[in-house]
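Because the structure is a prediction, the values reported are computed rather than measured.
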Amino acid sequence: MHTFGYRANALLTYALTILALMCTIASFSDNFNFPSPSAEIQVLNFNWFQKQPHGNDEVSLTMNITADLQSLFTWNTKQLFIFVAAEYETPQNSVNQVSLWDAIIPAKEHAKFWFQTANKYRFVDQGSNLRGKEFNLTLHWHVMPKTGKMLADKLVMSGFRLPEEYR
């Protein structure tokens, strides 16, 4: 008959084939999820707006972040990585992005939230280009699945303007 090694190899190959097939089906099933996340970010206050000693502009602001990201969770979602970025244009660069705040949402129960926070990371521009500048606040998210490809998307909130004068 067949040796023990031959039988173990056949069993392991069969098990791995079934596992790969199950992972493929799980990943494919995410294509049938059509999420509808919602979010709103309000700038409550510019805590300070100053020029650093070496000439760069720096802003500290307080934001009110409200979001319902529960529709992004499926049975295949491990966690969400979210971050808020300020996006603006300068004469040197057509697109500038500065990450202001981030978080990891481990479960669907935590994906609906409201809180008030100051920017976690420094909002600094290389140069003095921020006075009176219009900017967008964008909520980005990355859906990290248990198996399959990672998905990313964003919601852009526009209509914000920085002060004309340093404070």
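Contact between Glu134 and Arg161 at its shortest, heavy atoms only, is OE2-NH2, 2.6 Å. Heavy-atom minimum distance, Ser99 versus Tyr121: O-CB, 3.3 Å.
Within a 6.0 Å radius of CD in Gln92, other residues, nucleotides and ligands contribute more than 12 heavy atoms. Around the CD atom of Gln126, the shell of radius 6.0 Å holds no more than 12 heavy atoms that belong to other residues, nucleotides or ligands. Heavy-atom neighbours of Lys112 NZ from other residues, nucleotides or ligands within 6.0 Å: at or below the threshold of 12. When the shell of 6.0 Å around CH2 of Trp75 is examined, it contains more than 12 heavy atoms from other residues, nucleotides or ligands.
If you take CZ on Phe73 and CD on Glu109, they are separated by 8.0 Å, rounding to the nearest 0.5 Å.
For residues 75-90, the set of pairs meeting the salt bridge (charged side-chain N to carboxylate O under 4.0 Å, His left out) definition, not counting sequence neighbours, is empty.
In this structure, Leu80 and Leu69 have side chains that are in contact, with non-hydrogen atoms separated by less than 4.5 Å. Taking 4.5 Å as the limit, some side-chain heavy atom of Ile82 sits within range of a side-chain heavy atom of Ile105. Using a 4.5 Å heavy-atom cutoff, the side chains of Ser158 and Asn136 are in contact.
A distance-only check finds no donor-acceptor pair linking the side chain of Thr77 to the backbone of Gln79 [under 3.5 Å]. Remark: the backbone N or O of Ser36 is paired with a side-chain donor or acceptor of Ser71 at under 3.5 angstrom.
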Exercise. Quick one: do Asp125 and Tyr88 satisfy side-chain hydrogen bond (donor to acceptor under 3.5 Å, both in side chains)? Show the steps, please.
Key: CA-CA 10 Å; Asp125 180 63; Tyr88 59 96; 2.8 Å; yes
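Applying the side-chain contact (heavy atoms from CB on, under 4.5 Å) test to Leu44 and every residue at least two apart in sequence or in another chain returns Gln42, Thr62, Asn64, Gln116. Arg122 is linked by a salt bridge (Lys or Arg N to Asp or Glu O under 4.0 Å) to Glu58, counting only residues two or more places apart in sequence or in another chain.
Leu151 and Phe83 end up in different hydrophobic clusters when Ile, Leu, Val, Met, Phe, Trp and Tyr side chains are linked at under 4.5 Å. At a threshold of 4.5 Å between side-chain heavy atoms, the hydrophobic network of Ile, Leu, Val, Met, Phe, Trp and Tyr places Leu61 and Val98 in one connected group.
No side-chain donor-acceptor contact under 3.5 Å links Asp68 and Ser38.
A distance below 6.0 Å separates the ring centres of Phe115 and Phe113.
Using a 4.0 Å cut-off between charged side-chain N and carboxylate O, Glu164 and Arg131 make no salt bridge.
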